[in-house]
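See structure below.
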Protein chains: 2
Amino acid sequence: MTKIEVLLVEDQGMVLGALAALLNTEPDITVAGTASNGRAALDLMTKKPPQVLVTDIEMPQMTGLELAAVVKERFPKTRVVILTTFARPGYLRRALDAGAQGYLLKDRPAAELAEAIRRVHRGLRVVDPDLAAEAWTADPDPLSDRERQILQRAGDGMSTADVARELSLSEGTVRNYLSESIAKLGVSNRIEAARLARSKGWL
Amino acid sequence: MTKIEVLLVEDQGMVLGALAALLNTEPDITVAGTASNGRAALDLMTKKPPQVLVTDIEMPQMTGLELAAVVKERFPKTRVVILTTFARPGYLRRALDAGAQGYLLKDRPAAELAEAIRRVHRGLRVVDPDLAAEAWTADPDPLSDRERQILQRAGDGMSTADVARELSLSEGTVRNYLSESIAKLGVSNRIEAARLARSKGWL
DNA sequence: TTGTCAGCATGACAAATGTCATGTGAGAAG
DNA sequence: CTTCTCACATGACATTTGTCATGCTGACAA
């Protein structure tokens, strides 16, 4: 029997090691390698591409979504499963656009990971059902590029003046974009706007 | 040989299962039970207290810090190890106050978990060295109770008026506390103040 | 070609936020 | 028993933030 070769990518060492231990208890799966960021993962893959790549999203150097996009292009045979804490429709959409075959939440029971890897290896898609349902009904990102760009900075605590300087806009303009964003998101100030947008995966 | 009995508490199912798999590969450790929040953990403990309790901090129902405090009181023989993502001096201090013998970061290599459990079981303390060093030099929480209370709400996007209503204060008073907090933290608005305070573990 | 619609940009005005001077009482230090 | 300090509380004033009316441009459909 040939085992399914998996490459694990996750920035928290403890979780990475634990997931490896978990997968190694499965008779038909073997952890062929581990990496703690996207760059390291790509280095490993050039030597020997695995059949399935399991990756977190939020990591230093290169996010899992960026990694998925590169893998789709350079290693089209490798299937990608995103494994993340975040149930954000925006992330799911971007993951699927980036060519991921699976999107799984860390909330789910541990048994689902191995099962998802098997399904994806067989050529099926695996998406967390609750999140898929939500994404179906969910409103698409209403923000324009400029609005996103400005809301991001404002949400990090930059003042209107700071943002205006960095983007070479007048303060009035920056305030206006924020006002637009606030209205589009149906909230009442920049703080809530940034929080809501982040929670949906739009920033 | 009698194995060390461990109770694992962690709200993310995937991580919980993976950590259990990891610990079960150790010959001298056995996972006696798992729970996904503080309440469930206490229920299990009343039946059979484990020798070591390993818990995450941020969980629904009851945080790991609250759990540690209850365990110290009701099950003084059980040693507690906090296992968390957050390298926040404020959390460490509170964990030690709550009677935890260990404070470990999920960033660290997987091997350190088993080692930490063994040490704590032997009666030693285990604290992440970098974090311990930082906590030593780190400034203590400069905020008063009122300031914390108000900064928390403001950081969640509540307006001055909302906060004033909820706490039965005048708006001027609320603004003043925020101004004080902003000055104490050396930042320039409520957003940065809340972010900084959170990152230090003060909220 | 001509609407019309969306994103981009601005400034005047209104509303919310931040600062400061001031006052109170409780507890520690002298 | 003062005197000091610190948390708590407030309102007047200054600054920043949010809203609105307005104009420009390019894309796309009629």
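A note on names: the letters A, B, ... follow the listed sequences, proteins ahead of strands, and every chain is numbered from 1.
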Worksheet item: Can you name the residues that form a salt bridge (Lys or Arg N to Asp or Glu O under 4.0 Å) with A:Glu112, not counting sequence neighbours?
Response: A:Arg108

Discussion item. If I take atom CG in residue B:Asp162 and atom P in nucleotide C:dA15, what distance separates them, rounded to the nearest angstrom?
Written reply: 17 Å

Worksheet item: Quick one: is B:Ser170 getting a side-chain N or O under 4.0 Å of the D:dG11 phosphate, OP1 or OP2?
Response: yes

Fill in: Nucleotide nearest A:Arg190 when distance is taken to its side chain, options D:dT17, D:dT10, C:dG7
D:dT17

Worksheet item: Picking from C:dG18, C:dT17, C:dT10, which would you name as closest to the side chain of B:Asn189?
Response: C:dG18

Discussion item. If the cut-off is 4.0 Å, is A:Thr173 near the phosphate of C:dC8, judged by side-chain N/O to OP1 or OP2?
Written reply: no

Worksheet item: Starting at CD of B:Glu192 and ending at P of D:dT16, how long is that distance when rounded to a whole Å?
Response: 13 Å

Discussion item. Both B:Glu171 and A:Ser159 contact DNA chain D. Which one's nearest nucleotide lies toward the 5' end?
Written reply: B:Glu171

Worksheet item: Of the nucleotides C:dC8, C:dG7, C:dG18, which has the atom closest to the A:Arg146 side chain?
Response: C:dC8

Item to complete: Rounded off to whole Å, could you give me the CD-to-C1' distance for the B:Glu147 and D:dA9 pair?
Response: 12 Å

Practice prompt. Can you tell me the distance, in whole Å, between the CG atom of B:Leu151 and the C1' atom of C:dT17?
Written response: 14 Å

Item to complete: Apply side chain to side chain donor-acceptor pair (under 3.5 Å) to A:Arg175 and list each qualifying residue two or more places apart in sequence or on a separate chain.
Response: none

Practice prompt. Mind checking side chain to side chain donor-acceptor pair (under 3.5 Å) for B:Ser159 and listing every partner two or more places apart, or none if nothing turns up?
Written response: B:Asp162

Worksheet item: Has B:Thr160 got a side-chain N or O lying under 4.0 Å from the OP1 or OP2 atom of C:dT17?
Response: yes

Discussion item. Measure CZ/B:Arg153 against P/C:dT17 and give the value in whole Å, please.
Written reply: 16 Å

Practice prompt. Compare the minimum distances between each of D:dA9, C:dT17, D:dT17 and the side chain of B:Leu169, then state the nucleotide with the smallest one.
Written response: D:dA9

Response to the item:
Hits for salt bridge (Lys or Arg N to Asp or Glu O under 4.0 Å) against B:Lys184, two or more places apart or cross-chain, chain-then-number order -> B:Glu147

Practice prompt. Using the side chain to side chain donor-acceptor pair (under 3.5 Å) rule, collect all pairs that involve residues 71-81 of chain A, keeping only residues at least two apart or in two chains.
Written response: none

Discussion item. Are there over 12 heavy-atom neighbours, none belonging to B:Arg118, within less than 6.0 Å of that residue's CZ?
Written reply: yes

Discussion item. My understanding is that only residues two or more places apart in sequence, or in another chain, count here; which of them pass side chain to side chain contact (heavy atoms under 4.5 Å, CB included) with A:Asp97?
Written reply: A:Arg93

Discussion item. Show, in sequence, the C-alpha distance, side-chain angles and deciding distance for B:Thr160 and B:Arg190, and conclude whether the side chain to side chain donor-acceptor pair (under 3.5 Å) test is met.
Written reply: CA-CA 11 Å; B:Thr160 308; B:Arg190 56 176 70 192; 2.9 Å; yes

Discussion item. Looking at every heavy atom in both B:Val126 and B:Val120, which two are closest together, and how far apart are they?
Written reply: CG2-CG2, 3.9 Å

Worksheet item: Which atom pair, heavy atoms only, marks the closest approach of B:Met45 to B:Pro50?
Response: CE-CD, 3.7 Å

Worksheet entry | Residue pairs involving residues 39-68 of chain B (criterion side chain to side chain donor-acceptor pair (under 3.5 Å); sequence neighbours excluded) | B:Glu5-B:Lys48, B:Gln51-B:His121, B:Glu58-B:Tyr91

What does the list of N/O pairs under 3.5 Å between the protein and nucleotides 19-23 of chain D look like, with a distance for each?
| unit_1 | atom_1 | unit_2 | atom_2 | d |
| --- | --- | --- | --- | --- |
| D:dT19 | OP2 | A:Ser179 | OG | 2.8 |
| D:dC20 | N4 | A:Asn176 | ND2 | 2.7 |

Worksheet item: Counting only N and O atoms by type, is there a donor-acceptor contact under 3.5 Å from the side chain of B:Asp141 to the main-chain atoms of B:Gly90?
Response: no

Discussion item. Can you measure A:Ile150 atom CD1 to D:dT17 atom P for me and round it to whole angstrom units?
Written reply: 13 Å

Worksheet item: Checking salt bridge (charged side-chain N to carboxylate O under 4.0 Å, His left out) for the pair A:Asp156/A:Arg198: CA distance, chi angles, key distance, verdict?
Response: CA-CA 11 Å; A:Asp156 285 347; A:Arg198 277 201 232 276; 3.2 Å; yes

Could you list all N or O pairs between the protein and nucleotides 23-28 of chain C that sit under 3.5 Å apart?
none

Would you list the atom pairs, donor with acceptor, under 3.5 Å between side chains in residues 9-22 of chain B and any protein atom, with sequence neighbours excluded?
| unit_1 | atom_1 | unit_2 | atom_2 | d |
| --- | --- | --- | --- | --- |
| B:Glu10 | OE1 | B:Lys106 | NZ | 2.9 |
| B:Glu10 | OE2 | B:Gln12 | N | 3.0 |
| B:Gln12 | OE1 | A:Thr85 | OG1 | 3.3 |

Below 3.5 Å is the cut-off: list the nitrogen or oxygen pairs between protein and nucleotides 24-29 of chain D, distance only.
none

Worksheet item: Between the two end axes of the helix from C:dT1-D:dA30 to C:dG30-D:dC1, each built from 5 base pairs, what angle do you get to the nearest 10°?
Response: 30°

